[in-house]
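Keep in mind that this is a model prediction, so the values were computed, not measured. One-based numbering, in listed order, for ligands and for the atoms of each.
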Amino acid sequence: MRLALASLYGVRKSLKAGAQPRSLWWSIPVWTGAAAVLLVVALSATDHTEKHFLTKDAEHTALQYADFLAKSVPDLDRLFSQRELSQQAQVALTRNTRLGDVFRYKLFDSSGQLILTSDEIGSVTPLAAAGASRIDTQRHAGSNGYVSDIVLGGNNYIELADGREKPDRPDLYSEAYVPLMGPDGILGVIEVYVDQSARQQRIASAFTRVAATVVGLLLLAGLGIAWQSWQRLTDRRRDEEKIRYLAEHDVLSGALNRASFESVLNATAQAAGVSGEAFAIHCIDLDRFKEVNDTLGHSAGDEVLREVAARLNALHRPGDVLARLGGDEFAVLQATQNSPRDVEAHGRRIVEALARPMDIAGSRVPCGASVGAACFGIDATEINDLLHKADLAMYRSKTSGRGRFSFYDEALDSELEERRLLAIDLRTALADNALSLHYQPLFDATDSDSAVGFEALMRWTHPVHGNVPPSVFIPLAEECGQIVTLGTWAIEQACHDAVQWTDATHVAVNLSPAQFRADAPDVVAVVARVLESTGLAAERLELEITESLLISDPEKVLDSLNRLSSLGVRIAMDDFGTGYSSLSYLWRFPFNKVKIDRAFVKELEGEDKVSLIVASIVTLAHSLGMRVNAEGVETESQREALRKLGCDELQGFLLGRPAPLEASDEVDRKAA
Ligand code: C2E
Ligand code: MG
Ligand code: MG
């Protein structure tokens, strides 16, 4: 159980730790959106950056080219001042018309007037082109900057005079305007045409690589998140499954628990209402589970429950359901059956399967089970009623000898039901002050005036049924385990009452075999404690036991009886002659008294042989040093006969009926 709770706690904790995995799924569209925005921003940034790089590159190239031109072309200032080129200058200019990425240039004077284009060098005089175009020098060669105009694509052809077209420029180029510096300052402005196709391709491929890496990383991150979400979802589903399993099943046996079994039954009942298919419930109660638990320990008990579940599961047919209703109680829903005969056959199979001994903790444990069944639609149409009736049928199997199968039977089971209800009431009888002790006087056979003692006899006044006879409630208390509590109370009450009587009278208290069992508090310790607390002299207490007590575990019982004897308490063998009457009990334990059962007394007058038996018992008891009591003396002639046969003590309605304490007080005073 602790294990089950611990694992439940573990699951709860892990669920808590996994806090709302669904939120991750919601985050995926957010993530994708963010990634898309990021991509758009990155693309526009790429475009912008590319332009920036190209501009810078064009400017740089133009500046270098201007510097180179200024240094490599002699008399360049003459071109600007006198509009003419020297021979060397023309050679230098022609040689350097195309250099690196520069494929064209134009020179403007300080007023913005075009004075030379590289295309015309050698063909026309520089001055021929003059005046064809002008620029805003203020804009292009301002005091502190140069501006490049990037031209992307566009028309790459020029039309020749004959109408044909000829390629004129590359796909991508820049026109950069930079100042042209002479030895004495700015000569003018040079417009440098820079071919940037190759550079742009390099930049583009670099950006493509970066973009591919970023997209790859984003994809990986997305996949990582999706994987994590999936993992958490499966973890959560598994935890939910586990919680559902724990909530619906008995962890020890793996069978359904009572609540979920009831809901299965309700669903089956509904389906049966529609389809008309019948089903039955078998209630199963283990016969010797308590003994296994007591003798072999709880882990062996758990092992038994697991084995029982395994054996019941092995008998399952499709649709059958197993449940553990509590303790050692199981139930089986037999899904479809054609006739009560099928139900009975299945019930008997269950009995047989559980009757086979189990190998538990190195021992062969005979467990056995009592089984009862009720059929839906025949015995009940409501689930709780059906369960109750299957339970009653099981109870009948139990009370009629265990290890058997019974069907629910209305007539028989109403009696059982009454007993069950009575057993429930008996549990609270002591607390409700419904129990009392009556005392029946015991007389010396030779003197019917003086009581030598009283037998304490328990009485139960039921709030509805009135006086319930001990022959009904004592076996009931033994069956439902109440007898130990009631028996202890009887010892306490009887001793407490007896202290008030004269010292000459003793009190006799009946003990049940259950009070000697291992699971009950040690009866010797109980008696010693009561004697001490009430102050009653030990020899004034007599304990009556029956022969049945000695059958189960004679050694252990004899040990307890010896210890009781050594306290000084007297022991009487009650109802002698009705049980097994093994004479060995008489010599193995030195009883103080033998009480001849009233069955003999009743037959005393009609049957000569009975007198002989009584006489023999008296002789035997006396020779073993025991006193003899005869119970159930109802007539004067019985009294006389018993006295003559040598009985020492007489008890019966003739001499005094069991009566409440007050009446016994009076008899006691009279005796005194
Ligand atoms: P028992 O110990 O043999 O008690 C004697 C029974 O015989 C009593 O029945 C008593 O009322 C009855 N009896 C006495 N004289 C006569 C008579 O002349 N004629 C007839 N017909 N009956 C007579 P009771 O009180 O009904 O008790 C029945 C049995 O219940 C007791 O038999 C005893 O075994 C058990 N019992 C009663 N009180 C206790 C108790 O406190 N503890 C236990 N363990 N058993 C008890
Ligand atoms: Mg008795
Ligand atoms: Mg008796």
In ligand 1, which numbered atoms sit nearer than 4.0 Å to a non-hydrogen atom of [X]?
{"X": "Ser512", "answer": "44 (N)"}
{"X": "Pro658", "answer": "11 (O)"}
{"X": "Glu634", "answer": "17 (C), 18 (O), 19 (N), 20 (C), 21 (N)"}
{"X": "Asp574", "answer": "1 (P), 2 (O), 3 (O)"}

[X], [atom1]: over 12 other non-hydrogen atoms inside 6.0 angstrom:
{"X": "Asp608", "atom1": "CG", "result": "no"}
{"X": "Glu640", "atom1": "CD", "result": "yes"}
{"X": "Glu415", "atom1": "CD", "result": "no"}
{"X": "Glu418", "atom1": "CD", "result": "no"}
{"X": "His462", "atom1": "NE2", "result": "yes"}

Exercise. Would you check, one step at a time, whether the test side chain to side chain donor-acceptor pair (under 3.5 Å) holds for Ser299 with Asp302?
Key: CA-CA 5 Å; Ser299 57; Asp302 289 354; over 6 Å; no

Counting non-hydrogen protein atoms only, what is the nearest one to [atom]? Give residue, atom name and distance.
{"atom": "atom 36 (N) of ligand 1", "value": "Ile474 CG1, 4.1 Å"}
{"atom": "atom 6 (C) of ligand 1", "value": "Arg598 NH1, 3.8 Å"}
{"atom": "atom 16 (C) of ligand 1", "value": "Phe653 CE2, 3.2 Å"}
{"atom": "atom 24 (P) of ligand 1", "value": "Pro470 CG, 3.8 Å"}
{"atom": "atom 45 (N) of ligand 1", "value": "Asn510 CB, 3.6 Å"}

Quiz item: After noting the C-alpha distance and the side-chain angles of Leu645 and Leu604, does the key distance pass the side chain to side chain contact (heavy atoms under 4.5 Å, CB included) rule?
Solution: CA-CA 11 Å; Leu645 284 168; Leu604 203 57; 4.1 Å; yes

Counting only heavy atoms, which portion of [X] has something under 4.0 Å from ligand 1: side chain, backbone, both, or neither?
{"X": "Glu631", "value": "side chain"}
{"X": "Val633", "value": "backbone"}
{"X": "His438", "value": "neither"}

Exercise. May I ask you to check whether Met458 has an N/O atom sitting below 3.5 Å from an N/O atom of ligand 1?
Key: yes

Quiz item: Below 3.5 angstrom, do we get any N/O pair linking Leu457 and ligand 1?
Solution: no

May I ask you to decide if [Y]'s main-chain N or O and [X]'s side chain share a donor-acceptor pair within less than 3.5 Å?
{"X": "Arg420", "Y": "Tyr395", "answer": "no"}
{"X": "Glu262", "Y": "Ala259", "answer": "no"}
{"X": "Arg540", "Y": "Ala498", "answer": "yes"}
{"X": "His506", "Y": "Val452", "answer": "yes"}

Exercise. Verify the contact flag for atom 21 (N) of ligand 1, where contact means a protein heavy atom under 4.0 Å away.
Key: yes

Quiz item: Hey, is atom 13 (N) of ligand 1 touched by any protein heavy atom at less than 4.0 Å?
Solution: yes

Exercise. Tell me which one of Ile491, Thr546, Ile545, Asp575 gets a heavy atom nearest to atom 3 (O) of ligand 1.
Key: Asp575

Practice problem: Evaluate the side-chain proximity of Ile545 to Phe591: yes if any heavy-atom separation is below 4.5 Å, no if none is. | Solution: yes

Self-check item: Asp287 CG to Arg402 CZ distance, which is reported to the nearest 0.5 Å
Solution: 5.0 Å

Quiz prompt | Value rounded to 0.5 Å, distance of CG in Asn467 from OG1 in Thr461 | solution = 4.5 Å

Quiz item: Can you list every pair that meets side-chain hydrogen bond (donor to acceptor under 3.5 Å, both in side chains) and has a residue in residues 647-657, with sequence neighbours left out?
Solution: Gln440-Gln651, Glu455-Gln651, Lys593-Glu649, Lys595-Gln651, His622-Asp648, Asn629-Glu649

Any [X] heavy atom less than 4.0 Å from ligand 1:
{"X": "Gln440", "result": "yes"}
{"X": "Arg459", "result": "yes"}
{"X": "Glu455", "result": "yes"}
{"X": "Gly632", "result": "yes"}

Quiz item: Which protein N, O or S atoms sit under 2.8 Å from the Mg ion (ligand 2)?
Solution: Glu455 OE2, Asn510 OD1, Glu544 OE1, Asp574 OD2

Exercise. For a salt bridge (Lys or Arg N to Asp or Glu O under 4.0 Å) with Asp285, tell me which candidate from Lys398, Arg404, Lys290 qualifies.
Key: Lys398

